[in-house]
Every structure is written in structure tokens, then in C-alpha cells.
Amino acid sequence: MLFNSLNFAVFLPIVFILYWFVMNRNYKLQNILLLVSSYFFYACWDWRFLFLLIFSTVLDYYTGIKMSEAQNQTSKKFWFWLSISVNLGFLGVFKYYNFFITSFADAISNFGFQINPWTLKVILPVGISFYTFHGLSYVIDIYKDRIKAEKDFVDYSVFVSFFPLLVAGPIERATHLLPQIQKKRTFNYDVAVDGLKQILWGLFKKVVIADNCAKFANIIFDNYTNYSGSTLLLGAVFFAFQIYGDFSGYSDIALGTARLFGIDLLRNFAFPYFSRDIAEFWRRWHISLSTWFRDYLYIPLGGSKGGTWMKVRNTFIIFLVSGFWHGANWTFIVWGFLNALYIMPSIIFNTHRNNLNIVAQGKNWPTFREFLSIIITFSFTVFAWIFFRSNTIDQAFHYILGIFTTSLFSIPVFKSMMLSIPTLILLILFVLIEWNGREEQYAIAKMFNSRSRGFRWAFYYLILIALFVFAGSDQQFIYFQF
């Protein structure tokens with residue numbers, strides 16, 4: 001079931017009404033409803049993989065309790081590594097087995113040996129990387145004595161499978177989400193209205209911005225050998241806004257939906273394309289994953305306490321692992337490697353925390369230096385996105401070589417160029433709206449609050465009209481494949 005589908009438009013109000021008007025007297029009943037609804041939500045994609053989600057949930061719930069009850073460190077360590085091994089084992093089989101076996105076959109062929117590897121003919125379970133990381137953080141926190149094991153199976157299951165975040169995050173922590181699940185929630189009209197506004201903006205990002213950018217990005221990337229450097233550059237920019245609108249749009253819908261049920265999820269995006277350096281970009285892009293790797297990989301490896309070499313080593317490790325987390329393809333690993341290279345000067349010279357404030361905070365426009373920094377950071381990011389979008393390393397390199405030709409300075413021309421002009425105009429308006437709202441949790445959180453109610457509602461209706469005018473078929477979110 002997609003957030004941008006008619007099915008979800010029917011599903012959400014039904015769950016909302018049952019939650020607040022039928023089961024509002026008992027939060028335990030509300031939790032049961034959330035769990036059943038979440039499993040139904042997931043089963044609508046493929047009911048067979050629901051059993052994998054339930055198995056992962058039972059495994060971590062049981063091993064968490066066994067760790068808490070362990071009488072000695074040996075027993076505790078056994079249950080910890082059992083959970084880690086099984087979780088990563090399932091992730092490895094479904095997501096990475098084919099990659100490793102084919103890569104091994106390719107490597108062997110360089111020495112004159114030809115083998116026909118046996119590959120799995122299965123699809124990747126939606127959201128497996130996300131709910132696996134939910135479980136991993138939970139068992140690691142128990143093992144490190146940061147939290148106690150949850151004894152209520154329903155409460156823990158809701159933490160793992162709460163439907164707004166189930167298939168594409170944000171990646172939650174037990175310390176943040178479980179306490180909200182374990183207490184009575186009270187309906188707050190203002191919070192619910194704010195949630196609806198965030199859902200509306202998320203749908204706009206996905207349906208109007210991302211899906212329309214996707215059409216033109218696909219045309220250019222799929223036929224890159226036929227186009228000029230300027231057209232290829234435009235295609236890369238289209239993809240940059242496609243993936244941002246798609247993923248941050250999903251996160252906005254997820255956070256807004258959770259607010260309808262009195263639950264706050266971790267923020268996942270904070271206007272990353274207004275970053276002044278790569279370090280700031282990674283503090284603002286996919287925040288829940290970045291902080292997960294920081295807390296559960298970077299810091300355990302030694303963080304930045306062991307001198308420059310350790311900082312460099314650990315930074316490369318987390319970016320390479322982050323790239324690999326995104327998919328079983330060398331293109332993602334190169335993408336991670338590039339971002340590690342980008343951030344390396346700030347790590348070595350200890351300038352990675354120079355831009356902690358919001359750009360041009362309290363001002364209408366950035367300074368020329370800030371504007372130039374934003375453009376440079378965005379350009380490096382777009383360059384790396386080419387690898388992320390390409391099917392192979394070879395395609396990415398040829399695409400890049402096609403950009404850096406004399407045709408880079410020509411006027412972009414491609415099939416459907418005229419049809420892309422409304423999308424380009426929308427992108428300009430979108431960037432201006434995002435810039436205006438960059439100090440808020442999402443762009444339209446307080447937009448036009450000082451204006452009359454009629455003015456505000458006119459703006460919301462314009463978004464709704466845009467959703468109907470520019471909407472195509474229900475397009476799957478990019479991060480569902482991760």
C-alpha cells in the first residue's frame with residue numbers, strides 16, 4: 001500500500017476513526033489496533049513477507065528478554081550475537097547474496113575460471129533494511145545496558161512495525177518511540193491539523209515534484225548517449241530533486257501521519273540542499289540513518305578520539321557501509337566513497353562542525369559567500385547522485401564524460417523538453433517555498449500564518465489542485481527498494 005494511493009486514502013481515515021472514537025479509552029486497545037493495521041498495511045504489498053517481519057520481531061523480543069535475564073556475560077553475549085547474526089543473515093540473503101556470488105564469479109573469471117553461480121530468484125522484502133535496523137538498535141541498547149527489555153509483546157511489535165515508518169523509515173530508537181507507545185495518548189486538534197499540513201506537503205513533494213522530475217530524469221538517463229552535456233546535467237538535477245522530493249516527501253507523510261495518532265517520529269530531513277558543506281548536508285539528509293551509523297558504528301569504532309588517522313578510517317567505513325546499505329551494487333559503494341572524499345577535508349582540518357546553525361537564520365537571503373557555498377555543495381551532491389542513479393559503474397562514467405564536453409554550454413534539448421517546462425517552473429517555486437520555511441520542521445509549517453484564513457486555505461487548495469493536475473499513476477517510493 002502506497003502513501004500516494006487511493007487505498008491509503010481510505011485506509012488512514014478508517015484507522016484514525018477507530019483509534020480515537022472507538023478505542024480511545026484504552027491505549028492498549030489502540031496499540032493492538034496499530035499493530036493489526038500495520039500488519040495489514042504491510043501485507044497489502046506481499047502477505048508472504050509478513051511472516052519474515054513477524055519472525056524478526058519475535059526474535060528480537062525474545063533475545064532482548066533473555067539478555068536482560070542473563071545471569072552472566074557469556075549468556076548475555078550468546079543471545080546478543082544470536083539476534084545480530086540472524087538479523088544480518090536474513091538481510092544478507094535477501095539483499096546481498098546475489099551481489100556477492102556474482103561479484104565472486106566475475107573476480108574468478110579474471111583468472112581464467114568460468115563458473116555459473118546459483119542466484120536467488122526472490123524479490124527484496126520491502127522495508128527489510130529499516131525494520132532490521134530498528135531491531136538491531138534495540139538489542140544493542142539492551143546489550144549495552146542503555147535500556148531494559150520490553151516485556152509487552154504488542155508494544156514492542158508496534159515499535160518495530162508502526163505503519164507510517166515501516167517500509168522507509170525514519171529509523172526509530174526504542175528510547176524515543178517505545179515510551180510514547182507505552183502511555184495514554186490524548187487527541188490534540190492543533191497537532192492533528194499540523195500533521196495534515198505535513199502530509200499535504202509530503203504528497204506535493206512526492207506526486208508533483210518527485211514523480212514529474214522522475215519522468216524527465218528517466219528519459220535522459222535511459223538515453224544518455226544521445227544527449228548533450230547540458231542535457232545530461234539537467235537530467236542529473238532532475239534526479240537530485242526526484243530523490244529529495246521522493247524520500248523527504250515520504251518522511252513528511254510518515255511524520256504527519258504519526259502525529260494524527262499522537263506520536264512523534266524522529267525528523268529525517270532538514271532542508272539538506274541548503275547546506276554550505278558536505279558535513280552539514282549529512283546532518284540534514286536522512287538524519288535517522290546518519291545518526292544510527294554514528295551511534296552504532298562510528299563511535300564504537302573509536303569515533304574521532306584516536307587522532308586524524310582514526311577519524312579518516314572510521315569516516316570511510318561508515319560512508320562505504322552507508323552506500324552498501326542502500327543497495328547491492330557497486331554504484332552505491334562508489335557513491336558512498338565519493339561522499340567520504342567530499343567530507344574528508346573538513347574531517348582532517350576539523351571544520352566539519354562549522355555550519356551548525358541554519359543558513360541565513362533570521363534573514364531573507366543568504367550572503368554571496370553562503371550562496372556560493374550552497375551552490376558548490378549542491379553541485380558535488382548532484383555529481384555523486386549520478387552514480388546512485390546509474391545502473392552500472394560504466395554507465396555512470398560515460399554519463400559524466402558526456403557532461404564534460406563542449407556541449408555542456410549548449411541549450412538543453414531532449415525528447416519532451418517542452419513538456420518539462422512546467423516542472424522546471426514548479427521546481428523554482430518549490431525551492432523558494434522551501435527556502436522561506438527552512439527554519440521550520442517542514443516548509444509550510446507556518447507559511448502564511450500571519451495572513452487571513454482565506455489566504456491560507458487558498459494556498460492549501462492550490463496544492464490540492466496541483467496534486468490532481470500533475471498526478472500520474474501511483475509511483476512507488478524510491479527507498480522502498482532499500
Side-chain angles (χ1 to χ4, degrees), residues 27-28 31-32 34-35 38-39 42 49-97 125 127-162 165-166 169-183 263 265-266 288-303 305-306 310 314 317-318 321 324-325:
Y27 79 91
K28 290 289 186 182
N31 289 347
I32 293 172
L34 289 180
L35 181 59
S38 297
Y39 284 163
Y42 193 81
F49 287 111
L50 178 61
F51 296 105
L52 184 63
L53 170 62
I54 294 173
F55 176 82
S56 177
T57 303
V58 172
L59 171 72
D60 296 332
Y61 170 76
Y62 182 74
T63 55
I65 292 175
K66 297 302 289 185
M67 278 191 289
S68 288
E69 296 175 347
Q71 299 299 313
N72 54 66
Q73 191 64 21
T74 301
S75 177
K76 186 177 183 181
K77 188 175 292 186
F78 168 79
W79 291 109
F80 171 72
W81 283 111
L82 175 65
S83 176
I84 297 294
S85 300
V86 174
N87 274 302
L88 293 181
F90 275 119
L91 189 61
V93 168
F94 282 100
K95 192 168 183 177
Y96 300 111
Y97 170 80
I128 188 171
S129 295
F130 291 92
Y131 67 71
T132 297
F133 271 38
H134 288 152
L136 289 176
S137 66
Y138 173 75
V139 296
I140 293 171
D141 284 347
I142 293 174
Y143 182 73
K144 297 291 185 180
D145 294 322
R146 296 170 185 154
I147 59 173
K148 295 293 184 182
E150 175 56 49
K151 299 295 180 67
D152 190 306
F153 180 73
V154 172
D155 289 357
Y156 175 73
S157 299
V158 173
F159 157 69
V160 174
S161 57
F162 184 38
L165 56 77
L166 178 56
I171 300 172
E172 272 290 345
R173 311 289 183 86
T175 52
H176 179 255
L177 183 54
L178 264 176
Q180 298 182 70
I181 294 171
Q182 295 168 324
K183 66 179 182 181
I263 293 174
L265 300 180
L266 293 170
S288 65
L289 180 66
S290 300
T291 54
W292 198 100
F293 280 123
R294 180 198 65 198
D295 294 343
Y296 297 105
L297 186 59
Y298 184 75
I299 292 176
L301 286 171
K305 294 180 179 180
M310 183 173 285
N314 294 344
I317 288 173
I318 64 168
V321 173
F324 200 44
W325 178 89

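Here, residue 1 is the first one in the sequence, and each next residue gets the next number.
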CD/Gln71: more than 12 non-hydrogen atoms of other groups inside 6.0 Å: no
Heavy-atom distance under 4.5 Å between the side chains of Ser161 and Tyr131, does that happen here? no
Euclidean distance, Leu82 CG relative to Tyr62 OH, rounded to 0.5 Å: 9.5 Å
For Trp292 and Phe133, indicate whether the former's side chain and the latter's backbone hold a donor-acceptor pair under 3.5 Å. yes
Do Trp79 and Ile65 have side-chain heavy atoms sitting under 4.5 Å apart? no
Test the Lys76-Tyr143 pair against the cation-pi criterion, namely NZ or CZ under 6.0 angstrom from the six-membered ring centroid and within 45° of the ring axis. yes
Which heavy atom in His176 sits nearest to a heavy atom in Leu265, and how many Å separate them? CE1-C, 3.9 Å
Passes side chain to side chain contact (heavy atoms under 4.5 Å, CB included), Phe162 versus Ile263? Steps please. CA-CA 10 Å; Phe162 184 38; Ile263 293 174; 4.0 Å; yes
Does Val154 reach the side chain of Lys28, with side-chain heavy atoms less than 4.5 Å apart? no
May I ask you to check whether Asn87 and Ser83 show a side-chain donor-acceptor distance below 3.5 Å? yes
Using a 3.5 Å distance criterion without hydrogens, assess whether the side chain of Ser288 forms a donor-acceptor pair with backbone atoms of Ile171. yes
Which heavy-atom pair separates Gly64 from Ile142 by the least distance, and what is that distance? CA-CD1, 3.7 Å
Determine, using ring centers only, whether Tyr138 and Tyr61 are less than 6.0 Å apart. no
Check for me whether the distance between the ring centres of Phe130 and Trp325 falls short of 6.0 Å. yes
State the CG-OG1 distance between Leu88 and Thr132, to the nearest 0.5 angstrom. 8.0 Å
Looking at Leu59, Asp60, Leu52, Leu53, which one forms a side-chain contact (heavy atoms from CB on, under 4.5 Å) with Ser56? Asp60
Would you indicate whether the side-chain heavy atoms of Tyr298 and Ile317 approach each other to under 4.5 Å? no
For the residue pair Ile140 and Arg146, what are the closest heavy atoms and their distance? CG2-NH1, 4.2 Å
Do Ile318 and Arg294 touch side chain to side chain, with heavy atoms closer than 4.5 Å? no
How close do Leu178 and Asp155 get, counting heavy atoms only, and between which atoms? CD2-O, 3.7 Å
Quick one: do Arg173 and Asp295 make a salt bridge, cutoff under 4.0 Å? yes
Is any side-chain heavy atom of Phe90 closer than 4.5 Å to one of Pro125? no
So do the side chains of Tyr296 and Leu136 get within less than 4.5 Å of each other, counting heavy atoms only? no
Is there a donor-acceptor contact under 3.5 Å from the side chain of Asn31 to the main chain of Ile181? yes
Determine, using ring centers only, whether Tyr156 and Phe159 are less than 6.0 Å apart. yes
Search all heavy atoms of Pro170 against all heavy atoms of Leu165 and return the closest pair with its distance. O-CB, 3.8 Å
What is the minimum heavy-atom distance between Ala174 and Pro179, and which atoms define it? O-CD, 3.2 Å
Under 3.5 Å, is there a donor-acceptor pair between the side chain of Ser137 and the main chain of His134? yes
Value rounded to 0.5 Å, distance of CD in Glu172 from CG in Leu166: 13.0 Å
Please name all residues satisfying salt bridge (charged side-chain N to carboxylate O under 4.0 Å, His left out) with Lys144, sequence neighbours left out, ordered by chain then number. none
